[in-house]
Each structure stands twice: as structure tokens, then as C-alpha cells.
Trainee: 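Once you've had a glance at the structure underneath, I'll fire off some questions.
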Amino acid sequence: MSSDLPSSISHLPPEGAPLRILGVIPARGGSKGIPRKNIRLLAGKPLLQYTIEAAHAAKHLSRVILSTDDPEIAAVGRQCGLDVPFLRPPELARDDAPTLPVLQHAVDFLEKAGECFDAVCLLQPTAPLRRAEDIQGCINLLEETDADSVVTVLPVPPEYNPHWVYFRTRDGFLKLSTGEDSPIPRRQLLPPAFHREGSVYLVRRDVLMERNSLYGSKVVGYPIDPSRSVNIDTPADWSRAEAAIASSLA
């Protein structure tokens, strides 16, 4: 997606300067699993508010905005102190709309207004247990490395490690997902494996806009404590999040 920036605006920060990072909280109006979940009260607060509070408490997020198609969600976001510079186009709010163009739309909108950033931090409101230090930890990793992106991760249990996972081939036989002929024999020899946790995605601006990717080719993982990880998609997830928040306040 082209940003149509004037040639005088550079995407590169001065050497030694901190990165300018845009935080984007996407919250569309449609939600089939839990209707209106982004503004539904979770332990007394709109679900959206947990992510807003974490984003505002994090260091080095230059600006945090809400991307939504829904006026009611926009109003709740503003009441919680969040910047809502636009309403998202309907075509980017469908059930099947991917996240990549949603972020590109936000960056493109702001760049056309003359504001540029070095990286974008995606903060899904469905991860209410995320903390400000998790966001800052990801930012620190991006600033300290030449990674294209940083994502929060959780460890994969040994029984699901790729070296022990099989796919069924078309002829009905099992094949290790790694392509190896035989599995690693002992758990202690398995290399650590991780899966995306989902509460923080941090990607450099040019990877997002020029390479059309949320990840790029060099991805760094930021481990999250499993006890603080929940991605609300079902009523059971909602109940687990409520219990975790109640426990933390006890």
C-alpha cells in the first residue's frame, strides 16, 4: 500500500534516537462468538479498557489509536482516553478481513496527515491479561536487534513439538512434520519450540508497508508467562479471564 508521502519525510529515525512506534488497537463491531465483546464488561470494565490501560502505561509508544468501524466502540474508546482518528472502512471490518490491511490502513491514514512511524505495535483487545511490561519488553527487543518483528510466544508442550508431530500423507501414511525419517528419541533432546501467543505483535513500518508482511523474515519471540495468557474467543475464554482477573485482585 502506497503512503503517498512527501519526499521530505523519512521513515528512518536519526541515529541513536528511539523508534517512533504507533500502537494500534483494532476493535470491529461484529463479533459472533461473544456479541459486542469489545465493549462488554469484564470484571466491571469494558474489555477494550484493559488493552488501553496497558498501552498507555507502556513506555515508548509514541501514539496509540483505536481502529474500529463501530461508532459505539469509538465512543467507549474515547471515554477511556483513546485516540480515534477515523472510522475503519466497512470492507476492513468483515469477519474475513485480515489484520494486515487494517494496520496498513491506519499507517496510510496517518502518513497522509504527515505523521510517520518506525514501527507498528498491534494490540488485540481480546488479550486483557497483557501487561505494559510485555509491550515494553517487545519494544526493547526490536530496538536491541535487527529483527523485522517481535511477537509474544508461549512454549509448545513436548508432545506437540514439531519433531514429534506427524502429518498424514495422501496415501495414508504418517510423516514427521520436520521431514525427518525418525523422531527424536527423548524429550530432553527436543529443541525448544514456541507458538504465537497473540497479545503483542510489533513490526517495523517498512516490513508492514513495503514488504506487505506482519512478520518479515527475521522474527524474535518474547516469552509470556502462560498464567497471564488468554485470548478471548469463546464464553469459556471469557470465564477464564474473569477468574484470572479476580484472582489477581484478591
Trainee: Can you tell if the side chain of L110 reaches within under 4.5 Å of the side chain of I65, non-hydrogen atoms only?
Mentor: yes
Trainee: State, yes or no, whether a side-chain contact exists between W238 and R40 at a heavy-atom distance under 4.5 Å.
Mentor: yes
Trainee: Is any side-chain heavy atom of L61 less than 4.5 Å from a side-chain heavy atom of C121?
Mentor: yes
Trainee: Under the side-chain contact (heavy atoms from CB on, under 4.5 Å) rule, collect the residues that match up with S149, sequence neighbours excluded.
Mentor: V203, Y215, V219
Trainee: Run the numbers on L82 and V64 for side chain to side chain contact (heavy atoms under 4.5 Å, CB included), then give the verdict.
Mentor: CA-CA 7 Å; L82 195 57; V64 182; 3.6 Å; yes
Trainee: Is the backbone of L142 close enough, under 3.5 Å, to the side chain of R204 for a donor and an acceptor to pair up by distance?
Mentor: yes
Trainee: What distance do I245 atom CD1 and L129 atom CG have between them, rounded to the nearest 0.5 Å?
Mentor: 5.5 Å
Trainee: Salt bridge or not for E159 and R187, using N-O below 4.0 Å?
Mentor: no
Trainee: Do the charged groups of D96 and R94 touch, with an N to O distance under 4.0 Å?
Mentor: yes
Trainee: Check P128 against I232 and note the closest heavy-atom contact, atom names and distance.
Mentor: CG-CD1, 3.8 Å
Trainee: A side-chain contact here means heavy atoms from C-beta on lying under 4.5 Å apart; do I21 and F117 qualify?
Mentor: no
Trainee: Assigning hydrophobic clusters by single linkage (Ile, Leu, Val, Met, Phe, Trp, Tyr; side-chain heavy-atom cutoff under 4.5 Å), is I184 placed with L176?
Mentor: no
Trainee: Judged by atom type as modelled, is there a donor-acceptor pair below 3.5 Å linking the side chain of K218 to the main-chain atoms of T145?
Mentor: no
Trainee: For the atom pair CD (Q124) and CG (N231), what is the distance rounded to the nearest 0.5 Å?
Mentor: 7.5 Å
Trainee: Let me confirm one number: the OG-NE2 distance from S177 to H163, rounded to the nearest 0.5 Å.
Mentor: 7.5 Å
Trainee: Between N161 and P191 (side chain of the first, backbone of the second, donor and acceptor by atom type, cut-off under 3.5 Å), is there such a pair?
Mentor: yes
Trainee: Could you tell me whether the side chain of T152 reaches within less than 4.5 Å of the side chain of C138, counting heavy atoms only?
Mentor: yes
Trainee: Walk me through it: do L42 and Q49 pass the test side chain to side chain contact (heavy atoms under 4.5 Å, CB included)?
Mentor: CA-CA 9 Å; L42 175 69; Q49 187 172 342; over 6 Å; no
Trainee: Apply side chain to side chain contact (heavy atoms under 4.5 Å, CB included) to the pair L19 and I139, showing each step before the final yes or no.
Mentor: CA-CA 9 Å; L19 297 177; I139 293 173; over 6 Å; no
Trainee: Nearest 0.5 Å, what's the CD-CD distance between Q104 and E111?
Mentor: 10.5 Å
Trainee: For the residue pair D70 and T68, confirm or rule out a side-chain donor-acceptor distance under 3.5 Å.
Mentor: no
Trainee: Any donor-acceptor pair under 3.5 Å linking the side-chain atoms of T126 with those of D233?
Mentor: no
Trainee: Given the rule in the side chain to side chain contact (heavy atoms under 4.5 Å, CB included) test, do K45 and C80 qualify, once you have shown the distances and angles that lead to the verdict?
Mentor: CA-CA 10 Å; K45 295 193 295 190; C80 294; over 6 Å; no
Trainee: Check whether R63 reaches the backbone of R20 with its side chain - one donor and one acceptor, N or O, closer than 3.5 Å.
Mentor: no
Trainee: Restricting to pairs with a member in residues 54-91, which pass ring pair (Phe, Tyr, Trp, His ring centres under 6.0 Å), not counting sequence neighbours?
Mentor: F86-H105, F86-F109
Trainee: Judged by atom type as modelled, is there a donor-acceptor pair below 3.5 Å linking the side chain of E197 to the main-chain atoms of P223?
Mentor: no
Trainee: Return yes when atom CZ of R196 has more than 12 non-hydrogen atoms of other residues, nucleotides or ligands closer than 6.0 Å, and no otherwise.
Mentor: no
Trainee: Any side-chain to backbone donor/acceptor pair from D69 onto G29? Under 3.5 Å, distance only.
Mentor: yes
Trainee: Between L48 and L66, is there a side-chain heavy-atom distance shorter than 4.5 Å?
Mentor: yes
Trainee: Transitively linked via ILVMFWY side-chain contacts under 4.5 Å: F194 with Y201?
Mentor: yes
Trainee: How far does CG of L92 sit from OG1 of T99, to the nearest 0.5 angstrom?
Mentor: 10.5 Å
Trainee: Would a 4.5 Å heavy-atom cut-off, applied to side chains only, mark I34 and P235 as touching?
Mentor: yes
Trainee: Could you pull out all residues at least two apart from T178 that satisfy side chain to side chain donor-acceptor pair (under 3.5 Å)?
Mentor: E180
Trainee: Just by modelled atom types, is the L22 backbone N or O under 3.5 Å from a matching donor or acceptor in the R205 side chain?
Mentor: no
Trainee: Got L41 and P46 here, is their nearest side-chain heavy-atom distance under 4.5 Å?
Mentor: yes
